[in-house]
Amino acid sequence: MMQRRLEPELMTGVDQVQAYAAADFNSGDQATVRGVQRLIARTSALPPDPLVVDLGCGPGNITLRLAELFPQARIVGIDGAEAMLSLARQRAQLQELEISFLCQTLQDVLHGSLARQADLIISNSLLHHLHQPDLLWMVTQHLAAPGCRAFHRDLRRPASVAELQDLLIKHLPSAPEVLQHDFAASLAAAFEPQEVIAELRKVGLNGLTVVEEDDRYLVVSGLVES
Ligand SMILES: C[S@@+](CC[C@H](N)C(=O)[O-])C[C@H]1O[C@@H](n2cnc3c(N)ncnc32)[C@H](O)[C@@H]1O
């Protein structure tokens with residue numbers, strides 16, 4: 001078994017933010033949006049005027065898609081990195097989408113004013129950044145209004161260094177070294193499904209299930225019962 005190797009939580013470096021915003025995450029982003037649509041279809045329609053929260057929204061890749069998908073919703077994107085949010089705000093303005101972007105860490109959100117208000121909570125590629133293993137689950141619980149659904153998608157940690165190397169060769173065979181390095185670091189920082197299941201049980205989020213997707217993702221989704 002490979003031990004978890006932590007990455008910094010926030011992505012604040014200007015170069016890092018620009019490289020992230022320029023990268024093509026289209027297929028992963030589409031998979032997240034399709035997963036959200038499936039979740040809504042297998043539970044029930046969102047209430048009128050729902051609050052949809054995108055945690056660790058970065059430059060808004062998913063937030064903008066959510067605003068298009070749910071035009072009747074109030075959409076809030078939250079990230080602790082102002083450099084990411086400033087790009088997200090520019091993109092939303094360009095597309096004439098009304099989205100509120102809040103510069104808060106997840107730790108702040110736990111003490112913020114959105115408690116028990118969210119009808120749908122989403123994160124994409126956030127979990128592996130977090131040092132405290134139950135933070136995302138505590139925030140999910142804190143934000144959820146009755147009937148809230150959650151959809152969190154992220155990488156999962158490979159079982160061994162050899163498996164990690166295989167993933168690198170398979171998915172980024174000719175990428176620049178810096179991208180290969182970042183991908184390897186994110187895989188090593190990610191959680192294993194069993195670790196997530198243990199955290200969900202600990203905080204009592206029994207309506208969320210953990211599913212392995214493809215060869216490198218995990219999806220945590222379902223009803224946030226409190
Ligand atoms: C890999 S990016 C993903 C961005 C976006 N969700 C996407 O799918 O493109 C992770 C984002 O999470 C943010 N983040 C990491 N830890 C955080 C924390 N503790 N509180 C708030 N934001 C955090 C980072 O600043 C970064 O913008």
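As the structure lists them, so they are numbered: ligands from 1, and atoms in each ligand from 1. Every heavy atom of this structure was used, including side-chain atoms; hydrogens, water molecules and symmetry mates were not.
- Annotation for ligand 1: atoms under 4.0 Å from non-hydrogen atoms of Gln104 are 21 (C).
- The nearest non-hydrogen atom to atom 17 (C) of ligand 1, considering only Thr105, Thr63, Leu85, Leu10, comes from Leu10.
- For Arg156, the salt bridge (Lys or Arg N to Asp or Glu O under 4.0 Å) criterion is met by Glu212, not counting sequence neighbours.
- Applying the 6.0 Å contact sphere to CD of Gln93 captures no more than 12 heavy atoms from other residues, nucleotides or ligands.
- For ligand 1, the polar-atom distance check finds no N/O of His128 at less than 3.5 Å from any of the ligand's N/O atoms.
- Put simply, the side chain of Glu195 gets close to the backbone of Glu192: a donor and an acceptor are under 3.5 Å apart.
- Heavy atoms of Cys57 found under 4.0 angstrom from ligand 1 belong exclusively to the backbone.
- Close approach to Leu130 involves these atoms of ligand 1, each under 4.0 Å from a residue heavy atom: 16 (N), 19 (N).
- The backbone N or O of Pro59 sits less than 3.5 Å from a side-chain atom of Arg91, completing a donor-acceptor pair.
- The residue among Pro8, Gly56, Gly58, Gly77 with a heavy atom at the shortest distance from atom 6 (N) of ligand 1 is Gly56.
- Atoms of ligand 1 found under 4.0 Å from any heavy atom of Gly80 (numbered from 1 in listed order, with element): 21 (C), 22 (N).
- Atom 20 (N) of ligand 1 has as its closest protein heavy atom Leu106 N, 2.9 Å.
- Nearest protein neighbour of atom 13 (C) of ligand 1, counting heavy atoms only, is Asp79 OD2, 3.3 Å.
- No donor-acceptor pair under 3.5 Å is formed between the side chain of Asp134 and the backbone N or O of Glu199.
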Worked verdict on Glu213 versus Arg153 for salt bridge (charged side-chain N to carboxylate O under 4.0 Å, His left out): CA-CA 9 Å; Glu213 202 182 81; Arg153 184 172 187 268; 2.8 Å; yes

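- Here CD1 of Ile62 is found 12.0 Å from CG of Leu126. Values are rounded to the nearest 0.5 Å.
- Taking each of Met11, Glu9, Glu7 in turn, the one with a heavy atom nearest to atom 16 (N) of ligand 1 proves to be Glu9.
- Atoms of ligand 1 found under 4.0 Å from any heavy atom of Gln107 (numbered from 1 in listed order, with element): 19 (N).
- Atoms of ligand 1 lying under 4.0 Å from any heavy atom of Ala81, numbered from 1 in the order shown and given with element: 25 (O).
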Please tabulate, for side-chain N and O atoms in residues 203-211, each donor-acceptor pair with protein atoms closer than 3.5 Å (sequence neighbours left out).
from	atom 1	to	atom 2	distance (Å)
Thr209	OG1	Ser221	O	3.4

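- Some N or O of Tyr20 is nearer than 3.5 Å to an N or O of ligand 1, by distance alone.
- If you check the side chains of Asp182 and Gln180, you find no donor sitting under 3.5 Å from an acceptor.
- Contact atoms of ligand 1 toward Asn61: 9 (O) (distance under 4.0 Å to a heavy atom of the residue).
- Taking all heavy atoms of Leu126, Asp54, Val109 into account, the minimum distance to atom 14 (N) of ligand 1 is reached by Leu126.
- Protein heavy atom in closest approach to atom 8 (O) of ligand 1: Asn124 ND2, 2.7 Å.
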Pair Asp49-Arg74, salt bridge (charged side-chain N to carboxylate O under 4.0 Å, His left out): steps then yes or no: CA-CA 7 Å; Asp49 190 26; Arg74 290 170 294 143; 3.6 Å; yes

